[in-house]
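Read through the structure below, which is laid out as structure tokens, and then see the notes.
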Amino acid sequence: MAQRYVRVQTTEGKIYYGLLKLNREVQVLDAPPWLQGQPTELILEVDSYHLLAPCAPSKIVAVGKNYANHAAEMGTPVPEEPLLFMKPSTTVIPTDRPILYPPQSERVDYEGELAVVIGNRCVDCSPEEAANKIWGYTIANDVTARDLQRRDGQWTRAKGFDSFCPLGPWIVREINPGARLQTFLNDDREPRQSALISDMVFTPEILVSHISQIMTLMPGDVILTGTPEGIGPMQVGDRVRVELEGIGSLDNPVIARFGATP
């Protein structure tokens, strides 16, 4: 099994990066792993911590319509170049933390995605250089208030609510380009989304290179690489699970934000 890099908070409130062992103990690192963090002698027992999102990005840059079949289900052509938008860092939550259904929306959708974590400062990089700037991979759910997206004509509000970027549960260094991404709702055995990440229009290296021509990417920043077809609504009381071969699963319940009555 690939090494799993986590970010955790202890019962005393201390936050650490670490390596997750098979027995769920965490070997603490002395710095974030993309900043050459090294293992220490501190071991956290299973009941002494809880998982946080595996990084704390300064920014989250997301890509729209990066699977041809998703562009088709949205009734639009595939973009000629990556279609970018941003999500604030306050959207990030870890696995098992609830997605908050906002009262402003009547339709909130799941969007399972592969997420890329940047390891080194990246500016004006070629795709070949960008490949060396990618430190690892995790899972994301680009939660979207679909009705607000259509109403506003731009995506900031629809994508930017608190809790609208579940991320995790951990980071791995490598992923099979043919890995399958799937999204499940509640106890359904059939996935709502299922695609190979190799079906992307623009590969992670091209995305990172393209974004680096616009803005500097910093260590720990996150790129959401787009979602395949099969997006659909979640309701209060649902639980959504995004699985990605070679990483694991990201699982979040949906609850009402204060005043929400969807």
Side-chain heavy atoms of [X] within contact of [Y], under 4.5 Å:
X    : Y    : value
R107 : D109 : yes
L244 : I197 : yes
N120 : N132 : no
P228 : N69  : yes
N141 : C165 : no
Y137 : L114 : yes
V143 : M234 : yes
V116 : T225 : yes

Within a 6.0 Å radius of atom [atom1] on [X], are there more than 12 heavy atoms belonging to other residues, nucleotides or ligands?
X    : atom1 : answer
E190 : CD    : no
Q154 : CD    : yes
D124 : CG    : yes
E245 : CD    : yes

Going by atom types only, do [X] and [Y] share a side-chain donor-acceptor pair under 3.5 Å?
X    : Y    : result
T227 : Q193 : yes
D221 : S58  : yes
R180 : S194 : yes

Is [X] reaching over with its side chain to a backbone N or O of [Y], donor-acceptor style, under 3.5 angstrom?
X    : Y    : result
T95  : L250 : no
S48  : T10  : no
K65  : V78  : no
N186 : D188 : no
Q182 : A195 : no

Could you give me the CA-CA distance, side-chain angles and deciding distance for K159 and E111, then say whether side chain to side chain contact (heavy atoms under 4.5 Å, CB included) is met?
-> CA-CA 11 Å; K159 302 278 192 176; E111 294 189 13; 3.5 Å; yes

Closest heavy-atom pair and its distance - [X], [Y]:
X    : Y    : value
P169 : T138 : N-OG1, 4.2 Å
G18  : L29  : CA-CG, 3.8 Å
F202 : P79  : CZ-O, 3.7 Å
A53  : R7   : O-NH1, 3.0 Å
S209 : S126 : OG-C, 3.5 Å
I93  : P98  : CD1-O, 3.5 Å

Are [Y] and [X] connected into the same hydrophobic cluster when the rule is that any two of I, L, V, M, F, W, Y join if their side-chain heavy atoms are below 4.5 Å apart?
X    : Y    : result
L84  : L224 : no
L185 : V242 : no
I206 : V117 : no
L44  : L52  : no
V6   : Y17  : no

Hey, mind stepping through S105 and D147 against side-chain hydrogen bond (donor to acceptor under 3.5 Å, both in side chains) and telling me if it holds?
-> CA-CA 7 Å; S105 178; D147 53 344; 2.7 Å; yes

Please step through salt bridge (Lys or Arg N to Asp or Glu O under 4.0 Å) for the pair R192 and E229, ending with a clear verdict.
-> CA-CA 9 Å; R192 301 299 178 97; E229 70 174 333; over 6 Å; no

Given R151 and E106, is the salt bridge (Lys or Arg N to Asp or Glu O under 4.0 Å) satisfied, shown in steps?
-> CA-CA 12 Å; R151 184 187 309 169; E106 295 182 353; over 6 Å; no

Test of ring centre spacing under 6.0 Å for Y5 and W170 = no

Evaluate side chain to side chain contact (heavy atoms under 4.5 Å, CB included) for T11 paired with H50, printing each intermediate quantity in order.
-> CA-CA 8 Å; T11 51; H50 65 266; over 6 Å; no

Verdict with supporting geometry, R4 and R173, side chain to side chain contact (heavy atoms under 4.5 Å, CB included) = CA-CA 8 Å; R4 299 171 293 176; R173 296 299 311 274; over 6 Å; no

Distance check, rounded to the nearest 0.5 Å: [X] atom [atom1] versus [Y] atom [atom2]?
X    : Y    : atom1 : atom2 : value
T216 : I211 : OG1   : CD1   : 12.0 Å
L207 : I223 : CG    : CD1   : 8.0 Å
M218 : C122 : CE    : SG    : 11.0 Å
T90  : F164 : OG1   : CZ    : 11.5 Å
Y49  : E12  : OH    : CD    : 14.0 Å
W135 : L35  : CH2   : CG    : 10.0 Å

Cation over ring face, R257 and Y101, 6.0 Å, 45° | no

Run the numbers on D96 and R239 for salt bridge (Lys or Arg N to Asp or Glu O under 4.0 Å), then give the verdict.
-> CA-CA 9 Å; D96 292 327; R239 194 169 187 99; 2.9 Å; yes

Intermediate values then yes/no, salt bridge (Lys or Arg N to Asp or Glu O under 4.0 Å), D152 and R157 = CA-CA 8 Å; D152 292 351; R157 179 167 65 143; 2.9 Å; yes

Intermediate values then yes/no, side chain to side chain contact (heavy atoms under 4.5 Å, CB included), Q27 and L20 = CA-CA 7 Å; Q27 183 172 22; L20 184 66; over 6 Å; no

Run through L167, N66, D142, T183 and flag the one making a side-chain contact (heavy atoms from CB on, under 4.5 Å) with E113.
-> D142

Derivation of the side-chain hydrogen bond (donor to acceptor under 3.5 Å, both in side chains) call for T144 and Q149 | CA-CA 8 Å; T144 305; Q149 183 184 32; 5.5 Å; no

